[in-house]
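Heads up, the thing below is written out as structure tokens.
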Number of protein chains: 2
Amino acid sequence: MTESPPTTRSARTRARIADAARALFAEAGVTATSVRDIAERAECDPALVIRYFGSKEALFTAVVQFDLMLPELRGLTPGAAAERLAGHFVRIWETRESGEKFQTLLRSATSHEPSAERLRAVFAGQVQPVIAAFCGEGASAGDTAAKVASVVLGVALGRYILRLPPLTGIAPERLPDLIATSLEPILAAGLPARLQPREDGDPSP
Amino acid sequence: MTESPPTTRSARTRARIADAARALFAEAGVTATSVRDIAERAECDPALVIRYFGSKEALFTAVVQFDLMLPELRGLTPGAAAERLAGHFVRIWETRESGEKFQTLLRSATSHEPSAERLRAVFAGQVQPVIAAFCGEGASAGDTAAKVASVVLGVALGRYILRLPPLTGIAPERLPDLIATSLEPILAAGLPARLQPREDGDPSP
DNA sequence: ACTATATTTCAACAAGTGTTGACAATTGCA
DNA sequence: TGCAATTGTCAACACTTGTTGAAATATAGT
């Protein structure tokens with residue numbers, strides 16, 4: 001998980017450059033961050049950035065690699081699944097390194113195709129399957145994934161990128177619960193019919 | 001609502017420039033769209049763009065003015081309120097001019113502060129009050145507004161900006177309903193306790 | 001100390017940006 | 001037709017961008 005501290009001198013400045021880039025990309029997006037900005041923050045010459053990573057695009061690619069490592073949801077109740085999903089995403093967002101990577105992708109994706117492409121790949125390859133497994137043979141897996149993605153993306157965008165007051169005002173500890181309550185009805189509706197609670201609320205036997 | 005067609009020649013090219021800018025801003029964002037791009041699409045000289053609007057920033061401001069004109073929700077049931085809200089937003093998104101304006105803001109806001117600021121102003125001034133009115137004296141108006149904003153922003157981002165397959169795959173006619181089902185439980189939870197349906201589902205008298 | 005390698009600095013490039021002011025063309029009015 | 005105002009064109013400015021290659025410095029091995 002955590003990188004071991006680099007030994008050789010070049011590896012150390014290489015790491016400084018990567019750290020600076022990750023932070024700046026997250027704060028301002030890829031296109032709004034210049035190679036010179038990165039170099040200044042890493043306290044080195046702009047030419048070194050290119051020398052060590054080949055190009056700005058390659059630096060972006062190197063700095064944004066990550067795995068959501070979503071938990072398995074198959075067989076859980078909607079409430080439990082919503083809790084795990086919400087807690088997992090909040091943990092990713094509030095952890096510095098993974099948070100910066102996620103913010104970089106979200107912030108850049110709107111006018112930087114490689115970022116958008118990576119986000120699409122992450123959702124198709126990691127989120128979609130987990131939701132489909134939860135829904136079982138329910139034909140509505142597509143709709144459910146769409147709704148889950150909306151909520152997750154919406155919270156992340158509003159809180160970390162747009163900084164909308166209603167979302168920034170929420171304390172981090174309350175965040176998982178708030179997301180879970182939005183997610184639970186969505187997940188409940190995604191289950192196959194015979195597993196659904198009846199509308200009049202009669203508890204299942 | 002619709003502008004009357006311009007009479008003088010300068011007003012006509014001014015309108016061509018505004019149209020071109022609105023479309024390009026929506027497609028690529030403000031910063032990724034150059035004055036020369038706009039001029040090319042409007043079939044005029046780049047200098048004219050500045051002449052007629054003063055600066056690129058001023059052109060952005062002029063082209064992005066709009067009013068959500070949200071319906072009043074006070075006193076509605078959660079289901080009805082969710083339906084109206086969802087239908088209203090979808091109509092905005094799927095109408096060319098307002099859709100382009102919304103996309104411009106959303107796409108640019110991630111690395112263009114004026115866009116972010118305008119989005120925040122729209123939510124604080126237009127969405128928040130409508131939700132607060134619906135919630136009545138419920139103390140949870142803030143949370144409810146946060147959740148509503150998440151869903152709305154998330155759908156718009158995923159469908160129109162990131163183009164995530166699960167969201168782009170939904171037919172426009174099905175979209176309002178899909179959003180409404182996400183919104184309804186959120187709005188229901190935002191009502192003051194004495195108006196809430198009991199957990200065991202007993203219908204109110 | 002001298003050499004060879006690793007690391008960094010510097011100056012410059014070509015391309016693209018928003019913006020400006022001087023000039024040319026077109027239009028409408030007398 | 002001639003004059004004046006409106007509208008459009010052109011070339012250039014100052015600046016920033018990613019990237020490059022040669023030169024300078026620092027580090028380590030003998």
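This structure is a prediction, so every number in the text was calculated from the model and none was measured. Because only heavy atoms are used, hydrogens play no part in the values below, and waters and symmetry mates are left out as well, while side chains stay in.
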State, with a plain yes or no, whether a side-chain heavy atom of A:I161 is found less than 4.5 Å away from one of A:Q103. yes
Pick one: which of B:R22, B:R41, B:R107 meets salt bridge (charged side-chain N to carboxylate O under 4.0 Å, His left out) with B:E27? B:R41
Considering just the side-chain nitrogens and oxygens of A:T13, establish if one lies under 4.0 Å of OP1 or OP2 belonging to C:dT7. no
Distance check needed: D:dG8 P versus B:F53 CZ, whole Å only. 12 Å
Do B:R118 and B:F66 form a cation-pi contact, if we require the NZ or CZ to be under 6.0 Å from the six-membered ring centre and within 45 degrees of the ring's axis? no
If the cut-off is 4.0 Å, is B:Y52 near the phosphate of D:dT7, judged by side-chain N/O to OP1 or OP2? no
Using the side chain to side chain donor-acceptor pair (under 3.5 Å) criterion, which residues pair with A:Q128? Sequence neighbours excluded. none
Over how many whole Å does the gap from A:L48 atom CG to C:dT7 atom C1' extend? 7 Å
Kindly indicate whether the side chain of B:I186, heavy atoms from C-beta on, has any atom under 4.5 Å from the side chain of B:V151. yes
Between CD1 of A:I38 and P of D:dG18 the distance, given in whole Å, is 8 Å
On the nucleotide C:dT7, are OP1 or OP2 found under 4.0 Å from the side-chain N or O atoms that A:S10 carries? yes
Ion pair present between B:K101 and B:E97, side-chain N to carboxylate O less than 4.0 angstrom? yes
What integer distance in Å separates A:R14:CZ from C:dA6:C1'? 15 Å
Length of the CD1-P vector between A:I17 and C:dT7, whole Å: 12 Å
How does each nucleotide of nucleotides 14-30 of chain C score, in 5' to 3' order, for protein heavy atoms under 4.0 Å: base (B), sugar-phosphate only (S), or none (-)? ---BBBBB-----S---
